[in-house]
Amino acid sequence: MRRSGAADSVLSRAVRILAAFGPDEPALRVTEIAARAGLHVATASRLVAELVELGLLSRDEDRSVRIGVRLWELAMRASPTLSLREAAMPFLEVVHGVVGHHAQIGVLDGTEVLFVERLSAPGAVINYTRIAGRLPVHASSSGLVLLAHAPRELQEAVLAGPLPRYTAHTITTPERLRRTLADVRRDGYAYCAGHLHEDALGIAVPVRDREQRVIATLSAIVPNDESARAVIPVLRAAARGVHRVLAGPGNRTLAE
């Protein structure tokens with residue numbers, strides 16, 4: 001849908017062009033970009049050419065367009081999750097070495113979990129997350145941990161909104177979600193058997209900064225069976241390690 005008026009600035013158009021790309025479609029034709037961004041093809045073509053010249057987009061030999069290395073460089077240089085990732089990676093690698101399947105770091109962004117890192121093994125159980133991918137907070141273990149420690153206004157907004165079903169085990173009622181959030185705060189972890197896929201089980205624990213604020217999660221995705229409970233102490237120990245690093249001198253947190 002095309003937009004007009006003061007809100008449709010050159011900057012907003014450029015942002016919509018960049019947002020047209022996704023993990024499953026990293027390369028697009030200009031016509032596809034125009035349709036997704038709600039722009040005339042001529043406008044999209046001109047802006048794409050400028051973004052290519054700046055290095056924010058790049059062209060393949062077949063003239064399709066993808067995100068440029070320069071954009072990745074700028075994002076990594078000033079990323080608010082960079083210190084978190086650097087602090088967590090050694091511990092995430094230990095978790096992955098024990099779990100074998102998937103280990104990941106998630107942060108809250110609106111009503112979704114944004115995954116800033118993931119380690120996976122060949123032949124691992126199915127996992128819908130990916131780096132820079134998102135999941136709704138009500139349906140994932142990371143999301144439940146983050147929501148359980150989020151401001152009350154956000155909790156109530158999620159409770160009042162739609163809670164889409166992914167499997168027969170997904171939380172789809174406000175009453176069950178409210179009970180689950182209380183359980184997460186009491187137990188110190190979220191345990192989601194088959195909430196996104198029947199074969200997968202997610203476990204997440206909170207990561208706290210020096211002020212004890214929950215700023216992220218460490219989670220593991222493993223096969224959906226009772227042996228998964230052995231992962232909980234591994235995740236907890238890793239989260240304590242990340243907290244010690246983040247609480248050390250010279251470290252800034254996402255909340256700051």
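Just so you know, residue 1 is the first one in the sequence shown, and it goes up from there.
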Atom CG of Asn224 and atom CD1 of Ile221: how far apart are they, to the nearest 0.5 Å? 11.0 Å

Can Tyr191 and Asp183 be said to form a side-chain contact (heavy atoms from CB on, under 4.5 Å), step by step? CA-CA 10 Å; Tyr191 187 91; Asp183 291 343; over 6 Å; no

Do any N or O atoms from the side chain of Glu25 and from the backbone of Gly22 form a donor-acceptor pair under 3.5 angstrom? no

Answer yes or no: is there a side-chain heavy-atom contact under 4.5 Å between Asp209 and Leu84? no

Could you tell me whether the side chain of His101 and the main chain of Val125 form a donor-acceptor pair under 3.5 Å? yes

Leu144 side chain reached by Leu181 side chain, heavy atoms, under 4.5 Å: yes

So Leu57 and Val52, do their side chains get closer than 4.5 Å, heavy atoms only? yes

Taking side chain as C-beta onward, heavy atoms only, is Val41 less than 4.5 Å from Ile33? no

Quick one: does His138's side chain have a donor or acceptor within less than 3.5 Å of a partner on Pro164's backbone? yes

Would you confirm whether Arg13, through its side chain, and Leu47, through its main-chain N or O, come within 3.5 Å as a donor-acceptor pair? no

Do Arg236 and Tyr189 form a cation-pi contact, if we require the NZ or CZ to be under 6.0 Å from the six-membered ring centre and within 45 degrees of the ring's axis? no

Would you say Leu146 and Ile171 are hydrophobically clustered, going by side-chain heavy atoms of ILVMFWY under 4.5 Å? yes

Apart from Val15 itself, what residues make up its hydrophobic cluster when side-chain heavy atoms of I, L, V, M, F, W and Y under 4.5 Å apart count as a link, directly or indirectly? Leu11

Tell me, yes or no, whether the heavy-atom count around Glu53 atom CD, taken from other residues, nucleotides or ligands under 6.0 Å, exceeds 12. no

Please tell me whether Val107 and Leu119 are part of a single hydrophobic cluster in this structure, the criterion being side-chain heavy atoms less than 4.5 Å apart. yes

Determine the minimum heavy-atom distance between Gly55 and Arg70, stating which atoms define it. O-CB, 3.0 Å

Can you list the steps and then say if Val48 with Arg59 is a side-chain contact (heavy atoms from CB on, under 4.5 Å)? CA-CA 10 Å; Val48 165; Arg59 288 191 190 273; 3.8 Å; yes

Residues Asp62, Arg29; criterion side-chain contact (heavy atoms from CB on, under 4.5 Å); working and verdict: CA-CA 9 Å; Asp62 64 358; Arg29 298 287 185 181; 4.0 Å; yes

The test is side-chain contact (heavy atoms from CB on, under 4.5 Å); show your working for Leu56 and Leu74 and say whether it passes. CA-CA 9 Å; Leu56 302 180; Leu74 293 172; 4.0 Å; yes

Counting N and O atoms only, with roles assigned by atom type, does the side chain of Asp60 sit under 3.5 Å from a partner on the main chain of Arg63, one being a donor and the other an acceptor? no

Interatomic distance, CG@Leu147 vs OG1@Thr180, rounded to 0.5 Å, equals 10.5 Å

Could you tell me if the side chain of Ile215 sits less than 4.5 Å from the side chain of Leu246, heavy atoms only? yes

For Ala190 and Val145, work out which heavy atoms get closest and say how close. CB-CG2, 3.7 Å

Can you tell me if His40 uses its side chain to pair, donor with acceptor, with the backbone of Ala42 under 3.5 Å? no

Roughly how far apart are Ile67 CD1 and Leu51 CG, rounded to 0.5 Å? 9.0 Å

I need the minimum non-hydrogen distance between Val242 and Ala88, along with the two atoms involved. CG2-CA, 3.7 Å

Taken to the nearest 0.5 Å, the spacing of Gln155 CD from Arg178 CZ works out to 8.0 Å

Any chance you could measure Glu32, atom CD, to Phe21, atom CZ, to the nearest 0.5 Å? 9.5 Å

Within the distance-only criterion (no hydrogens, no angle test), does the side chain of Thr167 pair as donor or acceptor with the backbone N or O of His169 below 3.5 angstrom? yes

Using atom types as modelled and distance alone, determine if a side-chain donor or acceptor of Thr217 lies under 3.5 Å from a backbone N or O of Pro206. no

Any side-chain heavy-atom pair of Gln104 and Ser120 under 4.5 Å: no

Do Val205 and Leu135 land in one hydrophobic cluster if side-chain heavy atoms of ILVMFWY residues count as linked below 4.5 Å? no

Look at the side chain of Arg165 and the backbone N and O of Thr170, then say whether any donor-acceptor pair between them is shorter than 3.5 Å. no

Please round to the nearest 0.5 Å and tell me the distance separating atom CG of Leu159 and atom CG of Leu177. 4.5 Å

If you draw a 6.0 Å radius around CZ in Arg46, do more than 12 non-hydrogen atoms from other residues or ligands fall strictly inside? yes

Classify the side-chain pair Ser219/Ser142 by whether it contains a donor and acceptor separated by less than 3.5 Å. yes

Do you reckon Ile131 sits in the same ILVMFWY cluster as Ile126, going by side-chain contacts under 4.5 Å, direct or chained? no

So, are Glu175 and Arg179 salt-bridged, with charged N and O less than 4.0 Å apart? no

Answer yes or no: is there a side-chain heavy-atom contact under 4.5 Å between Arg16 and Leu39? yes

For His102 and Ala124 the tightest heavy-atom approach is NE2-CB, 3.4 Å

Residue pair Leu201 / Pro223: nearest heavy atoms and the distance that separates them: CB-O, 3.9 Å

Would you indicate whether the side-chain heavy atoms of Val113 and Thr129 approach each other to under 4.5 Å? no

For Ser45, enumerate each residue passing the side chain to side chain contact (heavy atoms under 4.5 Å, CB included) test, keeping only those at least two apart in sequence or located in another chain. Val30

Cluster question for you: counting only ILVMFWY and a side-chain heavy-atom cut-off of under 4.5 Å, with indirect links fine, are Val245 and Val94 together? no

Tell me if a side-chain donor or acceptor on Arg134 pairs with a main-chain N or O of Glu112 at a distance below 3.5 Å. no

